[in-house]
Structure formats: C-alpha cells, structure tokens
Amino acid sequence: MRRLNNIAVTGGAGFIGSNFIHYIFESTNFKGNIINVDKLTYAGNPENLASIESAFGGTRYFFENSDIGNFNEMSALFKKYDIDTMVHFAAESHVDRSIHGPAEFITTNIVGTFNLLEVARNLWPGREDVLFHHVSTDEVYGSLAEGQYFFETSPYDPQSPYSASKAASDHLVKAYKNTYGIPFTLSNCSNNYGPYQFPEKLIPLMLLNLMNDKPLPVYGDGRNVRDWLYVLDHAEAIWFILNKGRTGESYNIGGENDEENLAIVNLLCQKMAEKTGQPVSHYTSLITFVKDRPGHDRRYAINCDKIKKELGWKQQVTLSRGLDLTIEWYSSNRDWVDHVTSGEYRHWMDRNYGNR
Ligand code: NAD
Ligand code: TYD
C-alpha cells in the first residue's frame with residue numbers, strides 16, 4: 001500500500017509541475033505535504049505558486065531551491081521531509097535548446113535522474129510503500145508515419161538530444177526497479193499547453209506574438225503533427241497514476257488532438273480575431289515560414305487507451321476550450337509574461353526566497 005503523504009515534486013516551479021501543484025491543492029482531497037524541489041532555471045518561477053505559498057506555505061507546502069544533481073542536498077531533503085513519493089518533473093524541456101546546447105540536458109535529465117534514483121536506493125531499501133513517478137514524453141518513441149500511433153509497447157527511437165536524454169532517464173528508472181527494487185510508475189505524455197508555459201514553446205510563443213502583432217514563425221512546411229493535451233488534464237492523469245497506477249508500468253497520456261502545426265496556428269489566429277474583432281487575415285498575414293528545425297520529428301500521435309481503461313482517466317478539456325482558457329490566461333497575465341521574459345522574476349525570487 002502506498003503511503004502517499006510527503007510528496008517531493010521536482011521541477012515544481014516549471015510549467016507542468018506548478019500546474020500539478022495547483023491541481024493537488026485545488027482539485028483533490030490530498031491531505032499531506034508537497035515539497036517543491038526546484039533549481040529555478042530560466043524556466044522555473046515560484047511566482048507560479050504565489051497563491052499556494054500564501055495559503056499553505058510552511059504548513060503543507062514547502063519550497064526548496066535545490067539542484068536534483070546534488071546528492072547530499074537531495075538526501076538531506078528526503079530525510080528532512082520523510083519523502084515517500086517522488087513526482088519527477090525537473091528537466092531541461094525544450095527541443096530547440098537541446099539542439100543548440102545539449103550538455104545541460106545530459107546533466108539534468110540523465111545524471112540528475114540517476115542521482116535521484118541513487119538517493120532512493122540509499123534511503124528506500126526494501127520499501128514497498130514508496131513510489132518514484134517519472135514524468136516523460138512521447139518523443140522517446142521517435143517520429144511516426146501517417147496512420148500510426150504510439151503505444152506503451154512501441155520501441156524507443158528518440159531523435160533529438162532532448163528526447164534521447166529523456167529516453168535514457170526512462171531506462172534508468174526501469175533498471176532501478178529491476179535491479180534494486182525501487183517501485184516506479186512512468187508516464188509518457190504528448191505536448192502540453194495551458195497557463196504558466198514559458199513562451200518558447202509553440203502555443204504560448206504564437207499567442208504572445210499574436211498579441212503583439214509580431215511574425216508567427218512556422219518551421220518548415222508547417223505540416224508536422226503534434227498531439228495537444230491541456231496541462232490540468234495531464235496533472236489529473238498523474239494523480240490517477242499515483243493513486244491507482246500499477247507499480248512498474250508505463251502509461252501514455254495524450255489529448256487525442258493530433259493536428260498539423262499550421263492548423264493550430266490558424267486556429268489561434270481565428271480565436272484572436274474573434275476576441276479582438278480584427279479580420280482573421282490581420283493575424284494569418286503574420287504567419288512566416290522559417291528554416292526548419294534540424295532532425296524535426298514529423299508526426300507524434302498517441303494511443304492512451306491503457307490509462308483510460310485501467311485507471312478510468314479521460315481528458316476533460318477539449319482543444320477548443322483549452323485554447324480559449326489559455327488565450328484568456330495569457331491576456332490577463334501580462335505581468336507574468338513580462339516577468340519571465342525580462343528576468344524580473346529573478347528579483348521576485350530574491351525578495352521572496354533570498355533568505356532561505
Ligand atoms: P519546464 O521547462 O517548464 O520546467 C522545468 C522545471 O525544472 C523548471 O522549474 C526548472 O527550474 C526545473 N529544473 C531544471 N533543472 C533542474 C535541476 N537540475 N534541479 C532542479 N530543478 C530543475 O518543463 P515542463 O514543460 O513543465 O516539463 C516538465 C516535465 O514534463 C519534463 O520532465 C518534460 O520532459 C516532461 N514533458 C513535458 C511536456 C511538455 O509539453 N511541456 C510533454 C511531455 C513531457
Ligand atoms: P514545441 O512547442 O517546441 O514542442 P516539441 O518540439 O517538443 O514538440 O514545438 C511544437 C511544434 O511546433 C514542433 O513541430 C515545432 C513547431 N514550432 C514551430 O513551427 N515554430 C516555433 O516557433 C516553435 C517553438 C515550434
């Protein structure tokens with residue numbers, strides 16, 4: 001029986017991690033503690049959790065500004081909070097950055113995960129009431145031809161430094177159960193979108209450019225396909241896995257919204273036009289085809305029947321509704337956007353966490 005009382009969330013100040021923490025406190029009956037372990041890279045922003053900090057900070061929510069690669073610090077945190085559950089989001093997560101500079105991806109995604117597993121191996125020997133949940137991506141399966149889907153049984157075939165680093169970490173997690181008995185669950189998820197996403201990924205980048213009448217850079221011919229999942233649906237899927245997922249199993253999580261990038265960008269143009277009253281051509285004229293990403297995976301599409309059938313999870317938010325919510329959020333959170341893009345959030349961090 002899992003204890004599920006003191007949950008360490010690595011990367012909890014990032015996009016999905018902070019949505020996950022909001023989801024836990026705002027939409028579940030969880031009564032235990034959340035320890036957010038985050039190094040606060042450019043992608044981490046404690047401002048994402050300001051409302052959680054003021055409601056639960058120091059009682060049921062604890063923020064630790066720390067690097068998952070630091071064995072001594074991680075061991076000390078495990079002991080300090082008597083961690084029984086790890087939800088491991090922390091990673092370098094952007095494919096383009098992994099192409100420009102892969103080193104950090106190896107350090108955090110592979111060596112960092114290895115380090116956390118070593119801590120678990122030291123501090124959780126023989127325990128069956130603990131869980132290491134590893135958050136991974138559907139990109140580990142590689143690129144698909146038309147009509148094909150990723151299944152949990154699909155062979156790994158990663159193509160970018162990012163997906164290769166995530167694949168390596170997935171293999172380590174599985175090896176630590178096989179070799180040392182560390183109980184794990186693993187999820188491979190498709191492209192997320194929603195509030196608090198750093199505006200370097202497709203949807204928030206396009207939204208901010210639309211709001212500022214800037215060019216919309218579409219890579220290659222714009223016909224690459226991605227599956228889109230609203231981030232709080234992802235958070236719920238992870239919560240279901242923590243509670244009901246079978247130890248040692250992987251679960252695919254997806255939105256079942258596989259669309260060409262150009263279709264997504266056109267949809268955003270249409271929604272912006274409806275919102276502002278401008279003609280849609282005002283926005284579509286901003287679409288600019290740019291040089292393709294090297295090694296750009298052509299198509300991702302995910303089959304997530306396993307989590308639906310076994311755990312009873314399903315997506316709650318349609319693509320259209322999710323995009324509306326996201327547009328609304330970015331329109332009414334211009335300060336957040338300014339902070340993450342200007343570096344102001346670092347000053348916020350120093351003011352709020354400088355004495356920790
Ligand atoms: P993100 O880039 O928004 O956030 C990553 C977080 O990890 C940041 O808060 C950062 O400060 C923290 N971090 C980075 N290195 C760290 C380190 N060494 N020690 C401690 N903290 C560190 O990422 P995201 O989009 O929220 O993705 C979270 C996880 O989900 C990642 O593991 C990613 O591979 C996976 N994933 C993401 C998507 C997606 O669409 N964004 C899809 C599938 C899977
Ligand atoms: P991205 O959001 O970077 O996620 P991933 O590469 O992990 O799937 O990109 C989603 C898709 O959008 C991908 O096919 C690349 C494409 N893309 C653009 O066409 N223009 C952009 O400016 C960005 C960031 C992505």
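Values reported hereafter were calculated over all heavy atoms of this structure, with side chains retained and with hydrogens, waters and symmetry mates removed. Along the sequence shown, residues carry numbers from 1. In each ligand, atom 1 is the first atom listed, and ligand 1 is the first ligand listed. Computed from a prediction, not measured in an experiment: that's the story for all the values here.
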Between [X] and [Y], does the ring centroid distance fall short of 6.0 Å?
X: Trp336; Y: Trp329; result: yes
X: His234; Y: Phe20; result: no
X: Phe25; Y: Phe56; result: yes
X: Trp313; Y: Tyr251; result: no

For [X], is at least one N or O under 3.5 Å away from an N or O on ligand 1?
X: Val37; value: no
X: Tyr42; value: no
X: Gly14; value: yes
X: Asn45; value: no
X: Tyr162; value: yes
X: Phe89; value: yes

| message | Working to the nearest 0.5 angstrom, can you tell me the gap between Leu323 CG and Ile203 CD1? | response | 5.0 Å
| message | Distance check, rounded to the nearest 0.5 Å: Leu267 atom CG versus Met272 atom CE? | response |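 Spacing of CG (Leu267) from CE (Met272) equals 12.5 Å.
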Contacting atoms of ligand 1, where contact means under 4.0 angstrom from a heavy atom of [X]:
X: Asp67; answer: 17 (C), 18 (N), 19 (N)
X: Thr41; answer: 10 (C), 11 (O), 14 (C), 15 (N)
X: Leu40; answer: 11 (O)
X: Ser66; answer: 19 (N), 20 (C)
X: Gly44; answer: 8 (C), 9 (O), 11 (O)

Does [X] have a non-hydrogen atom less than 4.0 Å from ligand 1?
X: Gly112; value: no
X: Asn191; value: yes
X: Ser18; value: no

Suppose we measure from [atom] to each protein heavy atom; which comes out shortest, and what is that distance?
atom: atom 3 (O) of ligand 2; value: Arg293 NH2, 3.0 Å
atom: atom 12 (O) of ligand 2; value: Asn261 ND2, 3.3 Å
atom: atom 20 (N) of ligand 2; value: Pro217 O, 2.8 Å
atom: atom 2 (O) of ligand 2; value: Leu202 N, 2.8 Å
atom: atom 19 (N) of ligand 1; value: Ile68 N, 3.0 Å
atom: atom 24 (C) of ligand 2; value: Glu200 O, 3.2 Å
atom: atom 14 (O) of ligand 2; value: His296 NE2, 2.7 Å
atom: atom 32 (O) of ligand 1; value: Lys166 NZ, 2.6 Å
atom: atom 40 (O) of ligand 1; value: Asn192 N, 2.9 Å
atom: atom 44 (C) of ligand 1; value: Ser136 O, 3.2 Å
atom: atom 26 (O) of ligand 1; value: Ile16 N, 2.8 Å
atom: atom 19 (O) of ligand 2; value: Tyr219 N, 2.9 Å
atom: atom 4 (O) of ligand 2; value: Asn191 ND2, 3.3 Å
atom: atom 42 (C) of ligand 1; value: Ser190 O, 3.3 Å
atom: atom 20 (C) of ligand 1; value: Lys39 N, 3.2 Å
atom: atom 8 (C) of ligand 1; value: Asp38 OD2, 3.6 Å

Below 30° counts as parallel, above 60° as perpendicular, anything between as tilted: where do the rings of [X] and [Y] land?
X: Tyr193; Y: Trp228; value: perpendicular
X: Tyr141; Y: Phe150; value: tilted
X: Phe30; Y: Trp239; value: perpendicular

| message | Under a 4.0 angstrom heavy-atom cut-off, which atoms of ligand 2 come close to His94? | response | 3 (O)
4.5 Å side-chain heavy-atom contact, [X] and [Y]:
X: His296; Y: Asn224; result: yes
X: Val140; Y: Asn188; result: yes
X: Ser66; Y: Lys39; result: no
X: Leu311; Y: Ile241; result: yes

| request: For atom CZ of Arg321, decide whether the heavy atoms of other residues, nucleotides or ligands shown that lie under 6.0 angstrom number more than 12. | output: no
| Whether Arg299 side chain and Ala145 backbone form a donor-acceptor pair below 3.5 Å | yes
| Quick one: do the Asp170 and Ser136 side chains pair a donor with an acceptor below 3.5 Å? |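 Present: a donor and an acceptor within the cut-off.
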| field | Closest to atom 1 (P) of ligand 1 among Ser93, Ala13, Ala90 (heavy-atom distance) | value | Ser93
| query | Just checking, Arg121 and Tyr180: is the charged tip under 6.0 Å from the six-membered ring centre and within 45° of the axis? | reply | yes
| query | Under the ring-ring contact (aromatic ring centres under 6.0 Å, His included) criterion, do Phe198 and Tyr42 qualify, and how do the steps go? | reply | CA-CA 9 Å; Phe198 194 83; Tyr42 77 95; 5.0 Å; yes
| message | Polar contacts were defined as any N/O atom of the residue lying under 3.5 Å from an N/O atom of the ligand; does this apply to Glu139 and ligand 2? | response | yes
